[in-house]
Amino acid sequence: MASTQDFKDAFEDENVDLNDVMADSVKSLGVQYKMTASDLAGEYVMFLINRHDNNFELNPGRLEQFTMFLQDENKKKKVESDSTNDFHLYSRDDLDNLTEVAMDPFKQHPEPIRSRPFSSTDKMAPGTPGAAPGTPGRSPGGSNWKSPAATHAYSERPQRNVVQVALNEHIPRSDASVTPMNVDSGVTQQRVQVEILEGGLKPGTRFMYEQLQDTVSAMEERILAFADALKDQHGIAEFMPVHTATQEKAVIVGRVVCDGEGRLNASAVLLEGSVKQSGGRRIRLELRDIPHFSLFPGQIIAAEGFNPSGHCFTVTRLYTSCPAPMATTPSNELAATSAISTSTQPLSIVIAAGPFCCSEDMDYTPLRDLLRYVRDHNADALLLVGPFVDTDHPHVKSGALEVTFDDLFAQAVQTQVEDACDEMPDLKVLLVPSVRDAHTDMVYPQPPLDLADFKATPGQVIAVGNPGAVRLNEVVIGLSSHDFVKHLGANEAFCTNVKGEDRMSRLAAHAIAQRSYYPLYPPPKGSSIDTSLMHAARMQVTPDILVLPSDLSACAKVISIANADKAADKAADKENDDKAGGRQDMETDVSSTAAPAEATTDASTDATIDAASQVLYINPGRFTKGSSAGTCVHVHLQPPSHDDAKAEGQLHSVCKRARVEIVRI
């Protein structure tokens, strides 16, 4: 059993200091929920992320809220476990529930969610997918497939179509009454031109052929490519092998590795050099002189410092960020795009991530409500990110469906999308799969969906790989349905002396800094990563909009990708001028944190951070959460101004002209 000191150490690794009283209380929670010290500390971090709370202090009031959070999570796991078994093991929770019912016989007590085969006698509400013949709507799965009427919490949800959070509220919305076409000299032109950028997997890609040598080659290629990019961006002359002992300051490069099992922390950081330069050897990094860092397994970094013994590298500076070039457009094409778009009407883009049905049934009413919202607001483009047929759904897990997964997708998703395209011939629909989709290849990177059976107008429904990059007019959007932000949050070693730093922005910025949609390695269990295909997850260009759906709370952030290493150099030079002869090993790289631009108020950095060198990070959240409604994102993008179109710089400056709304349907 872990001691009180073990819990104090685990929480200290997460930058949370516990006094003796709090440590004893935390230990009691670990014993109660059968969690290790590191697991409980990780759950506390996830608790703070969901609350958007940057204050890590644990006090009695917050401990009570954290206890309630653990109770809710434990109940969710219990329900999921019960839904996949034909028998039920009674526990203390059941006795508590029975006691409550005995004390109040009229108390409504919901039954546990249990899957059962669908019967042809099940009654359906008119107009729902699966309704009897002759009623409006189509029947997913045919006459033998029925789903119960949507009478659960989703149908009774309050505050429908309410904007919960808005970014750049001063930018006007698009006008739903304006038709999304532009007539120029009698020729009708579409407002949205879609182009799939290179880099993703092609349909039919072979997978599950990964060998150990493929993994080694992939890691080696990442290290060498990132090292070359670091040399170009930071002017580093050469890298020393990680194991070479030297009394002089040197720079080494490699992959971050955790020393032992468990979560990465500041005292267990190893750097694994490339096979070509270091023979694949590893060395421990001493980070005591680095007051601010954010590291995770698989991250490619360069470290500057001293290695007098050859066994431990004392770090004085970290290089963790080397983003790809920003997406650009030639000025003449940008001017043409501005002319095609109506002068004042913003581009309307709706983004939603599955699942698109509630956990109580396989009724896709939420998807129909989303398409109705798209129609009512006259959107120009709709980005639908999987899962569409969720492997985590209780009915899918239990095998209760009487149709194949392909038929369910075709009859519940495809038909609704086709109907929407018939009603809105100018709408562009982009479909991105997920590794949680039961009807697709469950591998990451993931090929695009097969749309051969879609009956929409050619070019109206477009399949995008996972991850993938698309260009809507001049705007480049990068998408990945794998929950990288959540996975990284549970594996990050973080230390900072900066107050009020936004954690979600920092986590998402790692994808940009590492030029990869999923740089974490090794990945968590169940991630379905094929390392031999990870070349398809590279970020060829830094997108204007980065869409990373996550189970965490929906958000929209502005991330600056300006070369903060140069800003750190200037700050270090100024500090050295003020403190002649002072220690140079206190210099640090802050590029890995990439805080939101609006949080940057220091005049010394204003000149360094270009407002155009920013990325709009969007987490639309899940469209349904259990039996209740989730969120989607509505982006209103103003056309590029004529001044921007004629400027020498051809960056798109999306963050300055995009209004982002997080909407509960």
In residues 224-231, what donor-acceptor pairs under 3.5 Å come from side-chain atoms, sequence neighbours left out?
none

Are Leu295 and Leu264 close enough, and set up right, to give a side-chain contact (heavy atoms from CB on, under 4.5 Å), and what steps lead you there? CA-CA 8 Å; Leu295 303 174; Leu264 182 71; 4.3 Å; yes

Just wondering, do [Y] and [X] contact through their side chains at under 4.5 Å, heavy atoms?
| X | Y | answer |
| --- | --- | --- |
| Ser653 | Pro640 | no |
| Leu520 | Pro297 | yes |
| Leu616 | Leu167 | yes |
| Ile290 | Leu285 | no |
| Leu63 | Leu29 | yes |
| Ile618 | Ile545 | yes |
| Ile223 | Phe239 | no |
| Ser480 | Leu548 | yes |

How many angstroms lie between [atom1] in [X] and [atom2] in [Y], if you round to the nearest 0.5 Å?
| X | Y | atom1 | atom2 | result |
| --- | --- | --- | --- | --- |
| Ile301 | Ile252 | CD1 | CD1 | 8.0 Å |
| Gln614 | Met326 | CD | CE | 8.5 Å |
| Cys258 | Asn265 | SG | CG | 6.5 Å |
| Lys486 | Asn619 | NZ | CG | 11.5 Å |
| Lys249 | Arg317 | NZ | CZ | 9.5 Å |
| Thr320 | Phe293 | OG1 | CZ | 11.5 Å |

Taking Lys27 first and then Asp6, would you say they form a salt bridge - that is, a charged N and a carboxylate O separated by under 4.0 Å?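 Result for this pair is no, no salt bridge flagged.
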
Residues Asp259, Arg284: salt bridge by 4.0 Å N-O rule: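 Looking at Asp259 and Arg284, the cut-off is not met.
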
Applying salt bridge (charged side-chain N to carboxylate O under 4.0 Å, His left out) as the test, list every pair that has at least one member in residues 513-536; sequence neighbours left out.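 Sorted result for residues 513-536: empty, none.
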
What pairs of residues pass the salt bridge (charged side-chain N to carboxylate O under 4.0 Å, His left out) test when at least one of them lies in residues 54-63, not counting sequence neighbours?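 Residue pairs passing salt bridge (charged side-chain N to carboxylate O under 4.0 Å, His left out), neighbours aside: Asp53-Arg62.
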
Minimum heavy-atom separation for [X] and [Y], please, with both atom names.
| X | Y | result |
| --- | --- | --- |
| Ala302 | Val251 | CB-CG1, 4.2 Å |
| Glu286 | Cys312 | CB-SG, 3.8 Å |
| Gly298 | Gln514 | O-OE1, 4.5 Å |
| Ala41 | Ala10 | CB-O, 3.8 Å |
| Asp17 | Glu12 | OD1-CG, 4.2 Å |
| Asp214 | Ser532 | CB-CB, 3.8 Å |

Test your reading of the model: is there a side-chain donor-acceptor pair from [X] to the backbone of [Y], 3.5 Å cut-off?
| X | Y | answer |
| --- | --- | --- |
| Glu43 | Leu70 | no |
| Asn466 | Ser481 | yes |
| Ser274 | Glu220 | no |
| Asn307 | Thr246 | no |
| His482 | Ser527 | yes |
| His652 | Glu474 | yes |
| Thr316 | Glu304 | yes |
| Ser278 | Gly280 | no |
| Asn168 | Ala658 | yes |
| Gln277 | Val242 | no |

Would you please name every residue forming a side-chain contact (heavy atoms from CB on, under 4.5 Å) with Arg659, sequence neighbours left out?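 In terms of side-chain contact (heavy atoms from CB on, under 4.5 Å), with neighbours along the sequence ignored, Arg659 is linked to Glu169, Ile171, Arg173, His636, Glu661.
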
Listed by chain and number, what are the side-chain contact (heavy atoms from CB on, under 4.5 Å) partners of Thr244, not counting sequence neighbours?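 Scan of Thr244 (side-chain contact (heavy atoms from CB on, under 4.5 Å), adjacent residues dropped) gives Met240, Pro241.
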
Are Asp483 and Ser550 linked by a side-chain donor-acceptor pair shorter than 3.5 Å? yes

Test Leu58 against Val26 for side-chain contact (heavy atoms from CB on, under 4.5 Å), laying out the working first. CA-CA 10 Å; Leu58 183 60; Val26 167; 3.6 Å; yes

Within 45° of the axis and under 6.0 Å from the centre of the six-membered ring of Tyr521, does NZ or CZ of Arg255 qualify? no

His487 and Tyr518: CA distance, side-chain angles, deciding distance, side-chain contact (heavy atoms from CB on, under 4.5 Å) verdict: CA-CA 10 Å; His487 295 169; Tyr518 199 95; 2.8 Å; yes

Stepwise side-chain contact (heavy atoms from CB on, under 4.5 Å) test for Gln247 and Phe306: CA-CA 6 Å; Gln247 299 293 335; Phe306 301 92; over 6 Å; no

For Gln65, does the CD atom sit with more than 12 other heavy atoms under 6.0 Å from it, leaving out its own atoms?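 Enclosed.
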
Passing option when Ser294 is tested against His510, Gln299, Arg503 for side-chain hydrogen bond (donor to acceptor under 3.5 Å, both in side chains): His510

Could you tell me if the ring centre of Phe66 sits under 6.0 Å from that of Tyr44?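 Yes, close enough.
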
Output all residues satisfying salt bridge (Lys or Arg N to Asp or Glu O under 4.0 Å) with Arg281, sequence neighbours left out; order by chain, then residue number. none

